[in-house]
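To keep things clear, I will list the structure first and then write my remarks on it.
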Amino acid sequence: MFEKILIANRGEIALRVARTCRELGVRTVAVHSVADAESAVVRFADEAVQIGPSAAKRSYLNAAAILAAAELTGADAIHPGYGFLSESPDFADACRAAGVTLIGPPADVMAQLGDKQSARTLMAKAGLPLLPGSLDPLELDEAHALADSIGYPVIVKAAAGGGGRGMQVVHESAAFPRAYQETRATARMLFGDSRVYLEKYLAAARHVEIQVLCDAYGNGVHLGERDCSVQRRHQKLIEESPAPLLPDGLAEQMGASAVHGVLEAGYTGAGTVEFLVDRDGNYYFMEVNCRIQVEHPVTEMVTGIDLIAEQIRVAAGQPLGIDQEDIVLRGAAIECRINAEDPAADFAPAPGILAEFTPPGGPFVRVDTHAHAGYSIPPHYDSLLAKLVVWAPDRDRALARMRRALAEFRISGARVATTRDFLYEVLDHPAMRAATHTTGLVDELLGRG
């Protein structure tokens with residue numbers, strides 16, 4: 001086991017990682033920007049190092065500063081959390097060159113699976129089903145001809161994209177050239193890579209993902225599925241496990257496919273394989289996330305397995321301590337993301353100072369957060385304030401518990417808006433209650449569907 005882990009992240013995930021490290025008897029180093037000097041993880045960790053100014057590019061995305069902090073403090077491993085450098089092959093290579101273990105898959109595997117086009121090619125070779133589309137980068141004329149042959153709608157995606165950014169749905173042939181060029185420009189600006197690909201767009205689909213764990217000895221397991229269909233701008237708002245109303249045997253089939261696919265790619269650690277499921281119960285590979293997911297607590301609640309601890313053990317060279325038959329999903333769990341965003345203004349960020357922040361409590365309620373009353377929400381980073389997670393013996397009771405917990409969550413502050421009330425509205429929607437909702441539910445609520 002590692003002696004000291006540097007946590008190269010901020011907010012709730014940094015605190016979440018630090019807590020598991022303390023349970024494992026591993027010392028922690030929190031790195032932070034100027035804006036986060038008084039953050040929760042800085043107070044909780046054994047050591048803290050300021051690595052740069054508030055801007056993420058000069059702090060949490062500054063690989064040299066992070067590695068210098070690891071050398072300064074004698075950290076023998078780095079946990080990248082999610083976002084920032086968590087899926088950067090260059091950072092993984094730099095860690096290896098510096099003699100520090102990055103808690104994640106090898107750099108070459110991360111590079112192949114982090115690129116959506118090469119990931120599609122790898123998973124196609126492994127036998128996973130794909131939506132009709134391109135496996136190679138296409139110029140405009142070729143892409144337009146393929147879109148016309150597939151049939152609309154199609155979705156144009158950045159090969160290096162992630163986090164719901166760098167993609168555009170096209171509903172008719174006349175709109176394709178402009179959408180293609182805009183997506184390329186966005187991809188170049190956001191990711192420094194203008195390559196795009198396209199695939200058939202399923203307007204009435206469900207977004208279902210499989211949590212996987214793999215060690216360095218060729219062993220892999222899946223820990224069930226999560227339904228992440230409630231999204232705005234392709235970014236998740238509500239996740240639940242198990243995914244409701246899937247055809248019998250489909251979740252197990254998807255899980256086996258996911259494990260086979262990532263093992264074929266040489267994956268190690270915790271990861272997620274994302275699929276779309278259509279109305280007929282057909283599933284299609286979307287992408288692989290080479291990191292811990294924001295919504296990992298949902299899986300932890302139904303399996304009783306600490307995913308961060310398993311990540312760390314695998315990175316330390318230990319074999320998986322669990323077999324597939326050891327994993328049993330019990331009950332139902334739901335997670336709501338409480339973001340500092342204004343749903344009435346197209347979910348625009350709404351930073352400010354929290355005058356009140358009182359999370360809910362009660363049986364089987366978990367709140368992962370770094371926020372508190374008096375906390376100044378910085379404008380420089382992701383708007384996630386808290387993840388509210390509940391568990392119950394079945395989905396109906398989990399929905400009831402989540403509605404109670406949301407109503408109990410007290411958040412207020414000057415100029416601060418959150419997604420709390422909107423999430424309550426989503427939970428009360430008949431399609432959500434009946435588990436017949438798709439990825440179009442939020443647009444429908446906002447009058448766009």
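- Under a cutoff of 6.0 Å and an axis angle of 45°, Arg420 and Phe409 do not form a cation-pi pair.
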Ser229/Asp227 under side-chain hydrogen bond (donor to acceptor under 3.5 Å, both in side chains): CA gap, chis, key distance, verdict: CA-CA 6 Å; Ser229 300; Asp227 188 303; 2.8 Å; yes
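- The residue from Arg16, Arg291, Gln311 that alone fulfils the side chain to side chain donor-acceptor pair (under 3.5 Å) condition with His79 is Gln311.
- In this structure, Glu38 places its CD atom where only 12 or fewer heavy-atom neighbours from other residues, nucleotides or ligands lie under 6.0 Å away.
- In summary, Glu264 and Lys125 do not engage in a salt bridge, as defined by a charged side-chain N under 4.0 Å from a carboxylate O.
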Give the intermediate values and the outcome of side-chain hydrogen bond (donor to acceptor under 3.5 Å, both in side chains) for residues Arg226 and Thr272. CA-CA 10 Å; Arg226 297 185 291 253; Thr272 304; 3.2 Å; yes
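- Both cation-pi conditions hold for Arg22 and Phe44: the charged atom is under 6.0 angstrom from the six-membered ring centre and inside a 45 degree cone around its axis.
- Salt bridge status for Arg337 with Glu239: present, with a side-chain N to carboxylate O gap under 4.0 Å.
- No side-chain heavy atom of Val212 sits less than 4.5 Å from a side-chain heavy atom of Leu263.
- A salt bridge is absent between Arg206 and Glu225: the closest approach of a Lys/Arg side-chain nitrogen to an acidic carboxylate oxygen does not fall below 4.0 angstrom.
- Between Glu341 and Arg232, at least one side-chain nitrogen of the basic residue sits less than 4.0 Å from a carboxylate oxygen of the acidic one, meeting the salt-bridge criterion.
- For the pair Gln318/Met1, a side-chain contact is recorded, criterion being any heavy-atom separation below 4.5 Å from C-beta on.
- No more than 12 heavy-atom neighbours from other residues, nucleotides or ligands sit within 6.0 angstrom of CZ on Phe364.
- Annotation: side chain of Leu128 is not in contact with side chain of Tyr283 (no heavy-atom distance under 4.5 Å).
- A salt bridge is absent between Glu287 and Lys157; no separation between the charged side-chain nitrogens and carboxylate oxygens falls under 4.0 Å.
- Side-chain contact check for Leu140 versus Gln181: some heavy-atom pair is nearer than 4.5 Å.
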